[in-house]
Amino acid sequence: MIHIKLKKLRKNNGFTQEEVANALHIDRTTYSYYERGKILPNIYTVARLSELYNVSCDYLIKNNVNCENMSYINDLANEVCKKEREILCCFRVAPICIQNEILNTLKNISRY
C-alpha cells in the first residue's frame, strides 16, 4: 500500500521521481522500485519521505487511513467541518478511477 501512497503524494506535490530521489539522496531507480512496490523503503527513508510530503510516518506505513493523523488535512480544520475532512481524507487515498467516479457522482447530484 505504501507504493500507492508514494506515487500519489509525489504527483500531488508536482515532483518527478528524479526530484524525490535527489531529495532522498538515492538513485531514481530505487525510488521507482518504491513506487512500483518492488522494494520497501527503510525506516530512515520513510522518515525523510514523511518530512518531504508533510505527512506522518504512520500515514505512509499503515494500510488504513486515520484522518486525524494527516497533517495536511488537519491544516484545514478551521475552514472545513469534520465530515468534509473525512471525505477529503478518503478521497485522497482512493485510486484515481474511484476518485473519478466520486467526482462524476457529485457533479450529477449537484445538478438537482
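Computation of the quantities below employed the complete heavy-atom set of this structure, encompassing side-chain atoms and omitting hydrogens, waters and symmetry-equivalent molecules. The structure presented is a predicted model; accordingly, all values stated were derived computationally and were not measured.
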Subject >> Thr105 side chain vs Glu101 backbone, donor-acceptor pair below 3.5 Å >> reply: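 Yes, Thr105 side chain to Glu101 backbone: donor-acceptor pair under 3.5 Å.
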**OP:** Ignoring hydrogens and angles, tell me if any N or O in the side chain of Lys8 forms a donor-acceptor pair with the backbone of Val93 under 3.5 Å.
**Re:**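 A pair under 3.5 Å: no.
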Original post:
Please, which pairs that meet salt bridge (charged side-chain N to carboxylate O under 4.0 Å, His left out) have at least one residue in residues 29-53, sequence neighbours excluded?
Top reply: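 Qualifying pairs, neighbours excluded: Arg10-Glu35.
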Original post:
So, for Tyr59 and Leu9, which heavy atoms are closest and what is the spacing to 0.1 Å?
Top reply: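 Tyr59 and Leu9 have their closest heavy atoms at CE2-CD1, 3.9 Å.
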Original post:
What is the distance from atom CD1 of Ile96 to atom NZ of Lys7, rounded to the nearest 0.5 Å?
Top reply: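 Atom-to-atom, Ile96:CD1 and Lys7:NZ are 9.0 Å apart.
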**OP:** Would you please name every residue forming a side chain to side chain donor-acceptor pair (under 3.5 Å) with Asn42, sequence neighbours left out?
**Re:**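 Here the qualifying residues are Thr45.
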Original post:
Once you round to the nearest 0.5 Å, how far does CG of Leu6 lie from CD1 of Ile2?
Top reply: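 Atom-to-atom, Leu6:CG and Ile2:CD1 are 4.5 Å apart.
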**OP:** Working to the nearest 0.5 Å, report the span between CZ of Arg92 and NZ of Lys5.
**Re:**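 Answer for the CZ-NZ pair, Arg92 versus Lys5, is 14.0 Å.
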Original post:
Taking only residues two or more places apart in sequence or in another chain, which ones pass side chain to side chain donor-acceptor pair (under 3.5 Å) with Thr29?
Top reply: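 Side chain to side chain donor-acceptor pair (under 3.5 Å) check on Thr29 returns Asp27.
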Original post:
Which atom pair, heavy atoms only, marks the closest approach of Ser32 to Gln17?
Top reply: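 Minimum heavy-atom contact is CB-OE1, 3.5 Å.
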**OP:** Report the C-alpha separation of Ser56 and Ser50 in whole Å, then their side-chain angles, then the decisive distance to 0.1 Å, and conclude whether the side chain to side chain contact (heavy atoms under 4.5 Å, CB included) test is met.
**Re:** CA-CA 5 Å; Ser56 70; Ser50 75; 5.9 Å; no
**OP:** Quick one: name the residues clustered hydrophobically with Ile43, using the 4.5 Å side-chain heavy-atom rule over I, L, V, M, F, W, Y, and just say none if it's on its own.
**Re:**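 Listed partners: Tyr44.
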Original post:
If you take all heavy atoms of Leu60 and Leu49, which pair is closest and at what distance?
Top reply: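 Closest approach of Leu60 to Leu49, heavy atoms only: CD1-CB, 3.9 Å.
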**OP:** Indicate yes or no: at least one non-hydrogen side-chain atom of Leu24 is less than 4.5 angstrom from one of Val20.
**Re:**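 In contact.
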**OP:** List, by chain and number, the other hydrophobic cluster members for Phe91, where Ile, Leu, Val, Met, Phe, Trp and Tyr join if side-chain heavy atoms come within less than 4.5 Å, directly or indirectly.
**Re:**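 Besides Phe91, the hydrophobic cluster comprises Ile98, Ile102, Leu103, Leu106, listed by chain and residue number.
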**OP:** Given side chain to side chain contact (heavy atoms under 4.5 Å, CB included), test Tyr34 with His3 step by step and report yes or no.
**Re:** CA-CA 6 Å; Tyr34 295 160; His3 64 286; over 6 Å; no
**OP:** Sequence neighbours left out, what passes side chain to side chain contact (heavy atoms under 4.5 Å, CB included) with Ile4? Give chain and number order.
**Re:**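 For Ile4 the side chain to side chain contact (heavy atoms under 4.5 Å, CB included) partners, ignoring immediate neighbours, are Met1.
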Subject >> Gap between atom CZ of Phe15 and atom OH of Tyr31 - 0.5 Å precision >> reply: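 The OH atom of Tyr31 sits 9.5 Å away from the CZ atom of Phe15.
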**OP:** With the side chain counted from C-beta on, respond yes when Leu40 and Tyr33 share a heavy-atom pair under 4.5 Å apart, and no when they do not.
**Re:**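 Answer no - side chains too far apart.
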